[in-house]
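Working notes, structure below.
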Amino acid sequence: MTHGTGAASDHLELDTLADLDEGLLSAEDLAAAEAHLAGCRPCREQQARIRSTRALLAALPAEPMPPDVAGRVHDVLSRTSSSTVLPLAGDLGARRSRWRSRPTLAGLAAVAAGLALVAAIVVGGTDDSSQPDAPSTVAGPTSDQALGAAPAYPMTISGRHYTAGNAQRLVTRLARSATQGSASGVGSGAGGSVESQRAKPALDPTLRPLYTSRDALLTCVAALTVGHPTLPLAVDFATFSDKTQRLHNAPALVVALPGPPGHADVWIVGPACATAADNDFYSFKRVPLG
Amino acid sequence: MGTPPVPSTPYDGVDDRALLTRHVSGDREAFAELVRRHQDRLWRIALRTLGSRDDAADAVQDALVSAYRGAAGFRGDAAVTTWLHRIVVNACLDLVRRRKARPTTPLDETAADDRPAPDLLGSRETATEVVAALRRLPIEQSAAIVLVDVEGYPVADVADMLDVPVGTVKSRCARGRARLAEMLLHLDPSHRNPADDEPIQTDETPDRPDPKEERT
């Protein structure tokens, strides 16, 4: 940018001035620039402006990590630990506490059973009864057509390649299509028929138990939500990649759960639902909906 | 608002490298301690580089989860903080590149500058405008400037963090500073004329909020 009156081409570009201060000019250009600066006040003022910009940057107010962000980060990190699996429900407030006990499988299964009961009540019947009033085409937790033991949430086998970077976009699509009732598949607890996506990606065998057993899936959800019974908004069977974690197309379960108003909490975990010794918690995102 | 009080830990006197080793060896609390030590700075870097609190929260979280799980891959040839910074910066770059555009400014971005600026800045609006101007830079330039000019790291360390040559860091800083100076011209009192007192209106920044308004 040149400025000032007189021969515009005589003044120094802002880039040149910035380069000068950073020691990037050749000896020849440096000499020419300094000679010009000696006799040109507007250019010296421009140089001063660049230097004061650096001072402004250095003076930006320091800000600690906000407590809500820090809390969420520590929460998520705590869940990634292979030996420190989950806090008991009563420890929810103590995000930084040492979690000593692993919830028993029986305890989690009880929660899952409770969830299943909630699901049944919400859908309007028990696992064994038909649902005369439930519309068949609207997806969503409260209105799925029961196919015997149908779960009250849409399940898909997309085989999509999730990464930490694209997860937000993919899960927004997933969660939105679930809440808007355009789910492409309904699974059943007994392994009934499923409409999968156009190309029918294969379901990885390690994920199959979570797919075929609603109890297994809901136990997994209970583990992720720390014992708070929640029905997923959507479930997707896909893959996950992350260079730092040395994962490439690892089979992954993607679960979108209701989050704070207007948001979904999305977990990406491996077949052991983040409880494995090899630590298959992959990613967590809070995603705005709508 | 400030960070919650940190309880005294059994890790006092344990350096970062030892913490990471303990984490890899199965110590459940070691990584959390490492995060606590550096979280404020990592947050600031993500926040200033991205210019959005939501994006910064996502980037920092992604970065720390990756670091947690990828700790075994830390080769020890750089400082642990350099390694962490690199992962955070990469998470920021990834976020922006996948979006293929700078994210729009949510209104809450200004909340970070609610507190009175130091005297050098002279006014609360100035910090807001510097932050807004930073957001308008290409992310490679804002990342370099945040690390060198805002955080004050030596150029050689920043070259490590960004995994580019020192000369590249210097030229990104120089370019970015020139652009920022251009954008911030109106803040220079000697340059001020009545037209300069109009708030900056750009297609990327929101209407500048009236500083006298209550912010929720």
Side-chain angles (χ1 to χ4, degrees), chain A residues 1 13-15 17-24 45-46 48-50 52-70 72-74 76-78 80-84 96 98-99 163-166 168-169 242-247 279 281-286 288, chain B residues 1-4 7 26 28-29 31-32 35 39-40 42-44 47-48 53 56-58 60-62 64-70 73 87 91 94-95 98 112-113 115 117-118 120-121 126-127 130-131 134 145 149-150 152 167 170-171 173-175 177-178 180-182 184-185 188 190-191:
Chain A
M1 186 189 100
E13 304 268 345
L14 268 178
D15 280 347
L17 291 165
D19 284 352
L20 189 159
D21 277 352
E22 199 53 50
L24 292 170
E45 285 172 2
Q46 285 288 66
R49 252 172 232 123
I50 294 181
S52 71
T53 300
R54 297 189 68 179
L56 288 173
L57 290 164
L60 282 177
E63 167 176 341
M65 181 180 276
D68 60 322
V69 176
R72 196 176 96 200
V73 167
H74 284 280
V76 169
L77 287 179
S78 298
T80 72
S81 167
S82 56
S83 54
T84 312
R96 292 179 186 175
R98 290 169 182 259
W99 297 331
T163 65
N166 72 12
Q168 170 138 359
R169 175 169 51 85
D242 183 85
K243 202 160 55 161
T244 306
Q245 297 180 49
R246 302 216 167 115
L247 297 170
N279 193 2
F281 164 81
Y282 297 151
S283 178
F284 170 87
K285 283 210 171 300
R286 179 156 286 168
Chain B
M1 170 174 110
T3 45
R28 300 187 246 151
E29 298 289 314
F31 195 84
V35 169
Q39 64 188 36
D40 290 344
L42 297 177
W43 162 255
R44 268 205 319 274
L47 181 65
R48 299 302 183 204
R53 300 171 73 77
D58 281 352
V60 166
Q61 185 180 292
D62 284 347
L64 291 175
V65 170
S66 277
Y68 182 104
R69 294 176 47 81
I87 295 177
D94 282 348
L95 191 150
R98 286 184 195 280
D113 301 305
R115 73 189 61 72
L120 172 65
L121 296 184
T126 308
V130 171
V131 167
L134 257 179
I145 285 186
D149 289 338
V150 178
K170 290 186 169 193
S171 77
C173 285
R175 287 292 151 282
R177 288 170 197 147
L180 287 178
E182 223 173 331
L184 297 173
L185 256 178
D188 182 334
S190 67
H191 196 81

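Hydrogens, waters and symmetry mates play no part in the numbers below; they use all other heavy atoms, side chains included. Chain identifiers are assigned alphabetically (A, B, ...) following the order of the sequence lines, protein sequences preceding nucleic acid strands; residue numbering begins at 1 within each chain. Since this is a predicted model, take the numbers as computed values, not measurements.
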Item to check | chain B contact via A/L247 - side chain, backbone, both or neither, heavy atoms under 4.5 Å | outcome: side chain

Item to check | Which portion of A/I50 sits near chain B, non-hydrogen atoms under 4.5 angstrom | outcome: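 Both parts, backbone and side chain.
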
Answer with side chain, backbone, both or neither: which region of [X] has an atom nearer than 4.5 Å to a non-hydrogen atom of chain A?
| X | result |
| --- | --- |
| B/L42 | neither |
| B/A91 | neither |
| B/D62 | side chain |

Can you give me the closest heavy-atom contact between [X] and [Y], atom names plus distance?
| X | Y | value |
| --- | --- | --- |
| A/H74 | B/A32 | CE1-O, 3.6 Å |
| B/W43 | A/E63 | NE1-OE2, 3.2 Å |
| A/D15 | B/A178 | OD1-CB, 3.3 Å |
| A/L24 | B/A174 | CD1-CB, 4.2 Å |
| A/P64 | B/D40 | CA-OD1, 3.4 Å |

Pairwise distance [atom1]([X]) to [atom2]([Y]) - rounded to 0.5 angstrom:
| X | Y | atom1 | atom2 | answer |
| --- | --- | --- | --- | --- |
| A/L77 | B/R69 | CG | CZ | 11.5 Å |
| B/R177 | A/D19 | CZ | CG | 10.0 Å |
| A/D242 | B/S66 | CG | OG | 3.5 Å |
| B/C173 | A/D21 | SG | CG | 12.0 Å |
| A/L60 | B/R48 | CG | CZ | 5.0 Å |
| B/D58 | A/R72 | CG | CZ | 5.5 Å |

For residues [X] and [Y], determine if any side-chain heavy atom of one lies less than 4.5 Å from a side-chain heavy atom of the other.
| X | Y | result |
| --- | --- | --- |
| A/L57 | B/L180 | yes |
| B/Q39 | A/V73 | no |
| B/L64 | A/V76 | no |

